[in-house]
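Input: a single structure, listed below in structure tokens.
In what follows, every heavy atom counts, from backbone to side chain, and hydrogens, waters and symmetry copies are set aside.
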There are 2 protein chains.
Amino acid sequence: MFIKNLPHKTVERLSQYRRSLLMILSKEKTHVFSHEIAQMLHITPVQVRRDLMLIGYSGNLRKGYDIKELIELIGKIIDSERGQRVAVIGLGNLGKAIISYFKGKRSKLAIIAAFDINPEKINRVYDGVACYHINQMAEIIKQNNISIGIIAAPAQQTAEIAEALVLAGIKGILNFTPKALNVPPFVYLEEYDMITSLEKVAFFAKKNDERFK
Amino acid sequence: MFIKNLPHKTVERLSQYRRSLLMILSKEKTHVFSHEIAQMLHITPVQVRRDLMLIGYSGNLRKGYDIKELIELIGKIIDSERGQRVAVIGLGNLGKAIISYFKGKRSKLAIIAAFDINPEKINRVYDGVACYHINQMAEIIKQNNISIGIIAAPAQQTAEIAEALVLAGIKGILNFTPKALNVPPFVYLEEYDMITSLEKVAFFAKKNDERFK
DNA sequence: TAATATTTGTTTAATTATTCACATTGCTAA
DNA sequence: TTAGCAATGTGAATAATTAAACAAATATTA
């Protein structure tokens, strides 16, 4: 399914729509209105309708959108037809959290390997995911056609890990360490730092508090 | 320090600037140019200069910005003078990851309590943070003047937890569960879902891959 | 001392993202 | 049958964000 240049924010929201739709889908509820989706995600109904317009989906004027159909369509757009395989680098608390949290959630996107340097973790299976030593990364990644890496290791090692991932042929990286990375343009990079999120909350909480006093 | 209506994105970047500056600050390196900051964070130097302009900071034309001064100024703007206290709800892998990761990182923002329902965790100290039973939340939060809550619990319980947090007088919530919350307008809410991030990476990785083929 | 190079600070322009406004549709019911 | 209502779909307007462009400043060097 080709839709040219979907905006970044729309892609994010499509993922959120699907997530929400999967939660409300049931025998009784087969259709949903834009304002219902909007309410679930704290956005406006227009936003929803515009996003659906961008992916060329039309709803029913009286019943709203067919939940099942919409879930499928979003899948066709944001998932890769042949599926994508994911590796987690760093099997500490964060790595484990990611694996457990993600388990069985998406059929087209599966975490199939973890890497660490701790001998106690290597060659064991955590929550269905096998853990290997970091220096087997290139090998395992190529063997299993893994195209996405999630870095959940301590910050110091981030740069070398990223370099190794790129060399191994990875196509996208999600970096949870606070160390910003440099990757070539053909690798998509997304960085998330909890501290930034928390500081943002702290800032606006403070501000809100002053305003509502 | 009052600066009227700093854009959301600027607030985020200020946090990132400080993080990066803290990493490079040393005896040898006391000043930094806008393009250096920009490079560390994959943004443009103009962006950096504009943000610094918004917070009223002036650099030295030849030496760039005084790192120490800038760190301090950012602190004055985004930190609360009297500090803010944080609680983590859910002491599973994610909760633990957050606590370890955050430990000692910021003086004005401290995680001082965790809540869970697992008896094995309650009344123990994890990484310097005491864990209490969830039904003690209101009490502990008020006692310790905790103003920010991080929800890292299983998705099902998210709504009640949030409600309890709001009732206990919390001012900001960072929600890591995939369940979107509803909170009153005087509580600042930030939601982050790993799956959305991962799916975004997957989508653009796929797209990139097609483009660079 | 004058020319050059480099960097900041800021105005203006461009781009991206969101919302408004409203035509259109189709069901309901008077 | 027609008026009213509640949705969708979308062009146009607005808002937010980012980038371009360039004047001003100042150290360096020819």
Side-chain angles (χ1 to χ4, degrees), chain A residues 3-17 21 24 29-67 69-70 73-74 77 180 185 189-191 196 200 203-204 207, chain B residues 3-17 21 24 29-67 69-70 73-74 77 180 190-191 196 200 203-204 207:
Chain A
I3 309 253
K4 63 159 194 186
N5 284 339
L6 239 25
H8 271 59
K9 295 279 184 172
T10 294
V11 174
E12 271 177 36
R13 281 191 299 264
L14 287 175
S15 163
Q16 291 169 354
Y17 297 159
L21 294 175
I24 61 167
K29 188 153 184 68
T30 60
H31 288 73
V32 67
F33 295 121
S34 61
H35 68 258
E36 293 177 295
I37 299 179
Q39 198 179 33
M40 290 191 283
L41 296 169
H42 317 309
I43 57 177
T44 64
V46 199
Q47 185 76 265
V48 175
R49 294 204 298 275
R50 171 152 308 258
D51 286 333
L52 299 190
M53 185 186 99
L54 289 177
I55 63 171
Y57 186 67
S58 276
N60 179 301
L61 201 44
R62 280 320 264 196
K63 292 192 279 180
Y65 303 96
D66 183 303
I67 300 181
E69 260 179 42
L70 186 46
L73 177 59
I74 293 176
I77 289 164
L189 174 65
E190 173 96 4
E191 317 212 274
T196 292
K200 193 176 161 196
F203 176 82
F204 287 107
K207 233 184 125 208
Chain B
I3 309 255
K4 67 159 189 187
N5 286 338
L6 238 25
H8 272 58
K9 294 279 185 171
T10 294
V11 174
E12 271 177 34
R13 282 190 298 264
L14 287 175
S15 164
Q16 291 169 352
Y17 296 159
L21 294 174
I24 60 167
K29 188 152 183 68
T30 59
H31 289 73
V32 67
F33 294 122
S34 61
H35 67 258
E36 292 177 294
I37 298 179
Q39 198 180 32
M40 289 191 284
L41 296 168
H42 316 307
I43 57 177
T44 64
V46 198
Q47 185 77 264
V48 175
R49 295 204 298 274
R50 162 157 298 257
D51 287 332
L52 300 190
M53 185 185 98
L54 289 176
I55 62 171
Y57 185 67
S58 277
N60 179 300
L61 200 43
R62 282 321 266 196
K63 290 193 280 181
Y65 303 96
D66 183 302
I67 300 180
E69 260 180 41
L70 186 47
L73 177 60
I74 293 176
I77 290 165
E190 172 96 5
E191 315 209 279
T196 292
K200 194 176 161 198
F203 176 81
F204 286 108
K207 232 183 126 208

Hey, what are the protein-to-nucleotides 14-17 of chain C N/O distances that come in under 3.5 Å?
none

The side chain of A:Ser58 lies closest to which of these nucleotides: C:dG9, C:dT19, D:dG9? D:dG9
Measure from NE2 on B:His42 to P on D:dT18 and round the result to the nearest Å. 15 Å
Please name all residues satisfying salt bridge (charged side-chain N to carboxylate O under 4.0 Å, His left out) with A:Lys200, sequence neighbours left out, ordered by chain then number. B:Glu12, B:Glu190
Checking B:Thr30 now: which residues fulfil side chain to side chain contact (heavy atoms under 4.5 Å, CB included) with it, not counting sequence neighbours? none
Is any side-chain N or O of A:Arg50 under 3.5 Å from a base N or O of D:dT8, one able to act as donor and the other as acceptor? no
From CD of A:Glu12 over to C1' of C:dT18, roughly how many Å is that when rounded to an integer? 15 Å
Please list, chain by chain and in numerical order, all residues satisfying side chain to side chain contact (heavy atoms under 4.5 Å, CB included) with A:His35, sequence neighbours excluded. A:Phe33, A:Pro45
Check side chain to side chain contact (heavy atoms under 4.5 Å, CB included) between A:Glu69 and all other residues, then give those that pass, not counting sequence neighbours. A:Tyr57, A:Asp66
Can you identify which nucleotide, out of D:dA7, C:dT18, C:dT8, has its nearest atom closest to the A:Phe33 side chain? D:dA7
Which value, rounded to the nearest 0.5 Å, describes the distance between A:Ile55 atom CD1 and A:Leu6 atom CG? 7.5 Å
Just grab all the salt bridge (charged side-chain N to carboxylate O under 4.0 Å, His left out) pairs involving residues 42-64 of chain A, residues at least two apart or on different chains. A:Arg13-A:Asp51
Out of curiosity, B:Thr10 OG1 to A:Phe203 CZ, how far, rounded to the nearest 0.5 Å? 9.5 Å
Return the value, rounded to whole Å, for the distance between atom CG of A:Leu54 and atom P of D:dG9. 12 Å
Rounded to whole Å, please give me the gap between CD1 in B:Ile55 and C1' in C:dG9. 14 Å
Please tell me if B:Thr44 has a side-chain N or O lying less than 4.0 Å from either OP1 or OP2 of D:dT18. no
In whole angstrom, give the distance that lies between atom CG of B:Leu41 and atom C1' of D:dT18. 15 Å
Heavy atoms under 4.0 Å, any strand shown: does A:Ser34 hit a base, just sugar-phosphate, or nothing? sugar-phosphate
In whole angstroms, how far is the P atom of D:dG9 from the CE atom of A:Met53? 10 Å
In whole angstrom, give the distance that lies between atom CD of A:Glu36 and atom C1' of D:dA6. 13 Å
Please list, chain by chain and in numerical order, all residues satisfying side chain to side chain contact (heavy atoms under 4.5 Å, CB included) with B:Ser58, sequence neighbours excluded. none
For nucleotides 24-30 of chain D, just jot down a letter per nucleotide in 5' to 3' order: B, S or -, based on protein non-hydrogen atoms under 4.0 Å. -BBB---
Salt bridge (charged side-chain N to carboxylate O under 4.0 Å, His left out) contacts touching residues 30-40 of chain A (sequence neighbours left out): A:Lys29-A:Glu36
B:Leu52 atom CG is separated from C:dT7 atom P, nearest whole Å, by 16 Å
